[in-house]
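Just so it is clear, the structure is predicted and the values come from calculations on it, not from any experiment.
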Amino acid sequence: MSVTSSLSDNNRYEQACDQAIAMCDGNLRSTIKALIMANEYLETELEELQAAIAAGCVPARTSMRRATLPDPSNPERHNGRCHLLRRNAIPAGR
């Protein structure tokens, strides 16, 4: 990994941390709790997908086109999924 790439990744992570903290109104405990909850959700989803694959289920594809990129004009929308750390998804202080 190049130094430039490492710096840009670090900057991206710093911005993501700042954004997560801001979404929890600056409450670090709520931020950590939200991240743990999001991680647990993703772990459960991964386990379900792995079980489905092991059972022979394959996701249906309607076409072979590339996946669409997130809409930069709408940061809340990422290919049909909402960001897990939105205020509405995980309220601060819960």
Side-chain angles (χ1 to χ4, degrees):
M1 181 188 288
S2 71
V3 174
T4 304
S5 176
S6 178
L7 289 175
S8 64
D9 283 345
N10 187 47
N11 187 35
R12 184 171 56 98
Y13 294 137
E14 289 293 329
Q15 288 178 345
C17 287
D18 291 342
Q19 182 182 22
I21 293 167
M23 287 180 182
C24 291
D25 297 324
N27 185 322
L28 297 180
R29 185 172 183 82
S30 292
T31 304
I32 294 168
K33 186 175 180 180
L35 293 171
I36 291 170
M37 291 170 67
N39 192 59
E40 286 176 349
Y41 170 83
L42 292 172
E43 286 175 349
T44 300
E45 189 173 85
L46 178 61
E47 288 172 4
E48 290 172 359
L49 289 170
Q50 288 173 332
I53 290 169
C57 296
V58 179
R61 286 193 167 179
T62 56
S63 69
M64 296 299 289
R65 64 183 173 85
R66 286 180 63 173
T68 57
L69 296 174
D71 181 359
S73 66
N74 184 357
E76 299 270 329
R77 182 178 169 127
H78 298 279
N79 293 326
R81 292 187 178 230
C82 295
H83 194 284
L84 291 173
L85 292 177
R86 277 194 351 221
R87 280 179 210 264
N88 297 355
I90 303 172
R94 285 190 99 205

task: Rounded to the nearest 0.5 Å, what's the gap from CD1 on Ile53 to CD on Gln50? Could you check?
output: 7.0 Å
message: If you compare all heavy atoms of Thr31 against all heavy atoms of Cys24, which two are closest, and at what distance to 0.1 Å?
response: OG1-CB, 3.3 Å
task: With sequence neighbours left out, write down each residue that passes side chain to side chain donor-acceptor pair (under 3.5 Å) with Glu43, or none if nothing qualifies.
output: Asn39
Nearest-0.5 Å distance, SG of residue Cys17 to CG of residue Leu28: 10.0 Å
query: To the nearest 0.5 Å, what is the distance between CE (Met23) and CD1 (Ile21)?
result: 11.5 Å
message: Suppose clustering is done on Ile, Leu, Val, Met, Phe, Trp and Tyr with side-chain heavy atoms closer than 4.5 Å. Which residues sit in the same group as Tyr13?
response: none
task: First locate atom CD of Glu14, then atom CG of Asn10, and finally report the distance between them rounded to the nearest 0.5 Å.
output: 5.0 Å
